[in-house]
Structure formats: C-alpha cells, structure tokens
Enquirer: 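Below you will find the structure I want to go over with you.
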Amino acid sequence: MRIMGIDPGIAIVGFGLIDKQGSRLVPVQYGCIQTEAHTDSAKRLQMVYDATVQLIDTYKPDAVAIEKLFFNRNVTTAMTVSQARGILLLAAVQKGLEIGEYTPLQVKQAIVGYGKAEKKQVQEMARMFLHLSAVPKPDDVADALAVAICHAHSSTIQQKINEVHKR
C-alpha cells in the first residue's frame, strides 16, 4: 500500500509518500509545495491543487492521509489553511483515493505513543520509523511523513477489525 501524507498549508504544503510492505514502512518521496507570499490567494490555491494532482499522477498512492486542522487564535491563517485543505481533499477525491483524516493528537499517539508529545519528538520518531539519516526539513515535510505513518498504523488496525467482522 502506498500512502501520501499531507500537512496542509497555503505557503508550504508538506508531503510524504511511503510504502507499507507488511510491517515495514519505506520512504518513497517527500518534500513540499511552496507558494509565494505576495501571490493572489486563488492563484496560490490553484498552484497547490496542480502540484498535488501531479504528485498523485506521478507516485500513484492508494490512500491520502491529511492532518485535520487545529484552530489557533489566528483566524485568517486558519481560513486560508482550510481553503488549501479543501483543495487537497478535492484532488484526492477526484482521483478516487481512500482518505484518512487525523488530528494532531492522533498523529502524536500513533507515532510517539503519547498525545501531548513535542513536535520534535514526533519528527524524530518519523525519521526513525523510516530509517532516514536526518529529520526532513522544513518541519511540514516531517509532519506529512508522520501523518502517513499514522495512516499506515491505523489501516493495519482497521484491517484486523474487518477480518474479525468477516468471521
């Protein structure tokens, strides 16, 4: 199973593609989509959409895992990230992909085993799970890989539940 993890944003969208081979997780590709700050927001959203579709077409994931938004005090930022998240979900749905959505708490629990883990702990565990020599930068990329790993763990649990229900 190939999973594309996404850390949504408007300036930087982190992405990470991993293959789940049994219990083994193998990194395929990771990086970020960046848009210029002084570009019209509609144009930035189009750039995010086009780049996401290109990634999906190139790497052909079976599933997309995306982080749910954590709303902080900056409503303007939350709104633009929400718009970008909608564009990212649209790209995945149009390609007929399975979608998993995870809160930051769920990602932390899946990766570190503790829902209040520090961001650096999550990123270091993602590096270790994927046997990378360093934590990918910027942080959005490491976060996207963590979301993909979370989905890999969640899909394993879901498969086991489905098997029990089939009996």
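Not measured: the values here are computed from a predicted model.
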Enquirer: Rounded to the nearest 0.5 Å, what separation is found between the CD1 atom of Ile3 and the CG atom of Asp62?
Expert: 8.0 Å
Enquirer: Taking all heavy atoms of Tyr102 and all of Val147, pick out the closest pair and write down the distance.
Expert: CD1-CG1, 4.4 Å
Enquirer: Does Val141 belong to the same Ile/Leu/Val/Met/Phe/Trp/Tyr cluster as Val122, with side-chain heavy atoms less than 4.5 Å apart forming each link?
Expert: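 Cluster IDs for Val141 and Val122 match.
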Enquirer: Could you give the distance from CE (Met47) to CD (Gln34), rounded to the nearest 0.5 Å?
Expert: 10.0 Å
Enquirer: Assess whether side chain to side chain contact (heavy atoms under 4.5 Å, CB included) is satisfied between Leu130 and Val26, documenting all intermediate values.
Expert: CA-CA 6 Å; Leu130 298 172; Val26 179; over 6 Å; no
Enquirer: Using 4.0 Å as the upper bound for N to carboxylate O, is an ion pair formed by Asp19 and Arg2?
Expert: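 The answer is yes: the pair qualifies as a salt bridge.
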Enquirer: Membership question, hydrophobic clusters at under 4.5 Å side-chain separation (ILVMFWY): are Val48 and Ile99 in the same one?
Expert: yes
Enquirer: What heavy-atom pair brings Ala142 and Pro136 nearest, and what distance separates the two atoms?
Expert: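 Smallest interatomic distance, heavy atoms only, reads CB-O, 3.7 Å.
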Enquirer: Can you list the steps and then say if Val64 with Ile6 is a side chain to side chain contact (heavy atoms under 4.5 Å, CB included)?
Expert: CA-CA 7 Å; Val64 168; Ile6 299 175; 3.7 Å; yes
Enquirer: Has Thr35 got a side-chain atom pairing as donor or acceptor with Ile10's backbone, closer than 3.5 angstrom?
Expert: yes
Enquirer: Linking I/L/V/M/F/W/Y whenever any side-chain heavy atoms sit under 4.5 Å apart, do Val93 and Val13 land together?
Expert: yes
Enquirer: Return the CD to SG distance between Gln109 and Cys150, rounded to the nearest 0.5 Å.
Expert: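 SG of Cys150 is found 9.0 Å from CD of Gln109.
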Enquirer: For the residue pair Leu17 and Leu145, what are the closest heavy atoms and their distance?
Expert: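 Heavy atoms of Leu17 and Leu145 come nearest at N-CD2, 4.3 Å.
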Enquirer: For Tyr59 and Gln29, test the side chains for any donor-to-acceptor distance below 3.5 angstrom and give the result as yes or no.
Expert: yes
Enquirer: Are Glu101 and Arg85 within salt-bridge range, i.e. N to O under 4.0 Å?
Expert: yes
Enquirer: Heavy-atom distance under 4.5 Å between the side chains of Ile18 and Met1, does that happen here?
Expert: no
Enquirer: For Ile111 and Met125, work out which heavy atoms get closest and say how close.
Expert: CG2-CB, 3.3 Å
Enquirer: Quick one: does Thr52's side chain get under 4.5 Å of Ile87's, heavy atoms only?
Expert: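 Sidechains of Ile87 and Thr52: no contact.
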Enquirer: Can you confirm whether more than 12 heavy atoms, excluding those of Glu36, are under 6.0 Å from its CD atom?
Expert: no
Enquirer: Taking Lys108 for its side chain and Leu105 for its backbone only, find out whether a donor-acceptor pair lies under 3.5 Å.
Expert: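 Answer holds: no.
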Enquirer: Taking it one step at a time, do Asp50 and Gln46 satisfy side chain to side chain contact (heavy atoms under 4.5 Å, CB included)?
Expert: CA-CA 6 Å; Asp50 290 345; Gln46 180 183 4; 3.5 Å; yes
Enquirer: Please check this pair: side chain of Arg127 against backbone of Leu132, looking for a donor-acceptor N/O pair closer than 3.5 Å.
Expert: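 Between the backbone of Leu132 and the side chain of Arg127 there is a qualifying donor-acceptor contact (under 3.5 Å).
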Enquirer: Keeping Gln94 on the side-chain end and Ala91 on the backbone end, is there a donor-acceptor pair under 3.5 Å?
Expert: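 Side chain of Gln94 to backbone of Ala91: no pair is present.
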Enquirer: Using a 6.0 Å cut-off, check whether atom CD of Glu118 has over 12 heavy atoms from anything other than its own residue.
Expert: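 Not more than 12 within 6.0 Å, no.
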Enquirer: Which heavy atom in Pro8 sits nearest to a heavy atom in Leu88, and how many Å separate them?
Expert: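 The answer is CB-CD1, 3.7 Å.
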Enquirer: Can you tell me how far apart CD (Gln123) and CG (Asp143) are? Round to the nearest 0.5 Å.
Expert: 5.0 Å
Enquirer: Could you state whether Val107 and Ile12 fall into the same hydrophobic cluster, counting links through intermediate Ile, Leu, Val, Met, Phe, Trp or Tyr residues with side-chain heavy atoms under 4.5 angstrom apart?
Expert: no
Enquirer: How many angstroms lie between CD1 in Ile149 and NZ in Lys20, if you round to the nearest 0.5 Å?
Expert: 12.5 Å
Enquirer: Can you name the nearest heavy-atom pair linking Ala63 to His151, along with the distance?
Expert: CB-NE2, 3.6 Å
Enquirer: Are any non-hydrogen side-chain atoms of Lys95 and Asp57 less than 4.5 angstrom apart?
Expert: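 Yes - at least one pair of side-chain heavy atoms lies under 4.5 Å apart.
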Enquirer: To the nearest 0.5 Å, tell me how far Lys137 NZ sits from Cys32 SG.
Expert: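 SG of Cys32 is found 12.5 Å from NZ of Lys137.
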Enquirer: Should Tyr30 and Leu55 be counted in the same cluster of Ile, Leu, Val, Met, Phe, Trp and Tyr side chains packed under 4.5 Å apart?
Expert: no
